[in-house]
Amino acid sequence: MKRCFIFSDRDGTINKDENYYLGSDPEWRAQVEFLPGVVEGIKTINALLQSFFYILTNQSGVALTGGQLDNLNLERMHEVNKFIISELIRMGAQVDGYYACPYVDSNYATAAAQKGQVVDTQFIVDGHADIKPATGMIEKALAAAQAVKGDSEIFVIGDRANDVQMALNIGGTGILVQSPKTKELGDVEKVQAMSGKVFIASDFLTAANYIKKSFNLK
Ligand SMILES: [Mg+2]
């Protein structure tokens with residue numbers, strides 16, 4: 001039987017994303033709010049035979065500096081991920097691990113500078129394997145689980161077109177869930193234009209049920 005690896009984006013997919021660069025505010029724990037259907041959806045995924053669930057997140061806020069953003073360093077990035085996972089586990093939703101990437105590329109840095117943001121140059125890396133839609137974080141998770149791509153079923157859930165593209169880039173299925181950012185940035189249309197295994201869901205639970213249905217068909 002194939003093993004099923006389900007990867008989920010974090011901000012805007014698991015927890016509410018209000019452009020606050022989670023971890024930068026000293027009271028960041030109070031900003032962690034799980035989106036509707038997430039806990040139940042992860043439990044649905046956990047119940048699938050041979051399934052593994054990971055969170056994959058690009059944390060560009062680590063690369064940004066100035067004011068409260070200085071609080072969001074690598075250590076804080078890991079602290080936030082561990083806190084989110086411990087809260088999910090406390091509610092009965094199991095998470096097998098997470099991978100987080102603090103790097104941005106020079107296009108991001110240029111756009112950030114135009115918005116008046118300051119980027120710490122040590123975090124600017126073009127072509128970094130862990131910047132979505134590149135698949136480095138998925139490959140790391142598969143390698144750690146001693147899984148082989150062809151022998152595994154791969155799904156990615158996320159609120160941005162880049163999350164869906166990452167799934168397609170590794171030969172998996174991409175599932176878009178819709179956050180305010182998805183709509184604001186026109187990502188529904190971008191995903192509709194993609195060719196490959198994609199599904200557009202209204203929320204995380206719908207995404208999880210889609211995976212359950214697809215997996216049962218195998
Ligand atoms: Mg997101």
Side-chain angles (χ1 to χ4, degrees), residues 6-46 53-64 67-102 104 108 112 115 117 132-133 137 155-164 166-167 174-191 199-211:
I6 296 120
F7 299 99
S8 176
D9 169 52
R10 197 190 81 186
D11 301 330
T13 302
I14 296 229
N15 53 284
K16 210 170 180 179
D17 181 16
E18 296 283 342
N19 288 325
Y20 34 41
Y21 297 105
L22 195 56
S24 58
D25 190 299
E27 302 300 322
W28 60 269
R29 283 183 180 79
Q31 294 176 321
V32 175
E33 191 181 327
F34 294 106
L35 290 164
V38 165
V39 172
E40 204 185 336
I42 297 174
K43 286 180 182 175
T44 301
I45 287 166
N46 293 155
F53 181 73
Y54 297 85
I55 294 173
L56 306 182
T57 181
N58 278 175
Q59 288 296 312
S60 59
V62 175
L64 300 174
Q68 284 199 343
L69 282 165
D70 290 341
N71 296 327
L72 181 51
N73 54 19
L74 283 174
E75 191 188 348
R76 176 61 58 79
M77 175 184 86
H78 290 298
E79 199 184 351
V80 173
N81 285 312
K82 285 174 186 165
F83 177 75
I84 287 176
I85 291 172
S86 69
E87 286 293 285
L88 289 169
I89 289 174
R90 195 173 57 77
M91 292 183 281
Q94 298 301 316
V95 182
D96 292 294
Y98 75 90
Y99 291 88
C101 169
V104 298
Y108 179 96
K115 286 189 277 183
Q117 293 173 318
K132 299 173 184 181
M137 294 191 288
F155 293 89
V156 178
I157 306 172
D159 71 320
R160 299 298 316 278
N162 265 351
D163 296 307
V164 175
M166 176 170 65
I175 306 175
L176 184 75
V177 292
Q178 297 177 57
S179 74
K181 254 185 200 171
T182 319
K183 291 160 198 161
E184 182 190 314
L185 299 164
D187 280 14
V188 175
E189 292 74 16
K190 281 181 208 160
V191 169
F199 179 69
I200 298 176
S202 48
D203 59 15
F204 195 95
L205 183 57
T206 310
N209 281 326
Y210 176 80
I211 294 169

Problem set entry | Check against side-chain contact (heavy atoms from CB on, under 4.5 Å), V95 and I84 | CA-CA 10 Å; V95 182; I84 287 176; over 6 Å; no
Problem set entry | Residue pair L56, M166: steps toward the side-chain contact (heavy atoms from CB on, under 4.5 Å) verdict | CA-CA 11 Å; L56 306 182; M166 176 170 65; 3.9 Å; yes
Exercise. Please walk me through it: do D11 and Q59 pass side chain to side chain donor-acceptor pair (under 3.5 Å)?
Worked result: CA-CA 9 Å; D11 301 330; Q59 288 296 312; 3.0 Å; yes
For this session: Please assess E184 against K181 for the test salt bridge (Lys or Arg N to Asp or Glu O under 4.0 Å), listing each intermediate value before the final yes or no.
Result: CA-CA 5 Å; E184 182 190 314; K181 254 185 200 171; over 6 Å; no
Problem set entry | salt bridge (Lys or Arg N to Asp or Glu O under 4.0 Å) evaluation trace for K82 with E79 | CA-CA 5 Å; K82 285 174 186 165; E79 199 184 351; over 6 Å; no
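Between H78 and Y98, the angle of the ring planes lies from 30° to 60°, which puts this pair in the tilted group. The aromatic rings of F199 and Y210 lie parallel to each other, with less than 30° between the two planes, well short of the 60° mark.
The CG atom of D25 sits 8.0 Å away from the CG atom of N71 when rounded to the nearest 0.5 Å. Rounded to the nearest 0.5 angstrom, F83 CZ and R90 CZ are separated by 7.5 Å. Here the straight-line distance linking atom CG of L35 with atom CG of N15 works out to 6.5 Å at 0.5 Å rounding. With rounding to the nearest 0.5 Å, the separation of CG in L176 from CG in D159 is 7.5 Å. Interatomic distance, OG of S179 versus CD of E18, reported as 10.0 Å (0.5 Å rounding). Rounded to the nearest 0.5 Å, atoms CD1 (I211) and CZ (F53) are 8.5 Å apart.
A pairwise comparison of heavy atoms in D203 and P36 identifies CB-O, 4.3 Å as the closest pair. Minimum interatomic distance between T182 and V177 (heavy atoms only, all atoms of both residues): OG1-O, 3.5 Å. Of all heavy-atom pairs between D17 and G12, the closest is CB-N, 3.4 Å. Nearest heavy atom pair, residue Q31 against residue Y20, reads O-OH, 3.0 Å. Closest approach of G158 to D163, counting heavy atoms only: CA-OD2, 3.5 Å. V164 approaches I175 most closely through the heavy-atom pair CG2-C, 4.1 Å.
The closest donor-acceptor contact from the side chain of D187 to the backbone of R160 lies at 3.5 Å or more, if one exists at all.
Using a 4.5 Å cut-off on side-chain heavy atoms (C-beta onward), T44 and F204 make no contact. In this structure the side chain of F7 never reaches within 4.5 angstrom of the side chain of M137, judged on heavy atoms.
Between N81 and R10, the side chains place a donor N or O and an acceptor N or O closer than 3.5 Å (distance only, hydrogens not considered).
For Q68, the CD atom sits in a packed shell: over 12 heavy atoms of surrounding residues, nucleotides or ligands are nearer than 6.0 Å.
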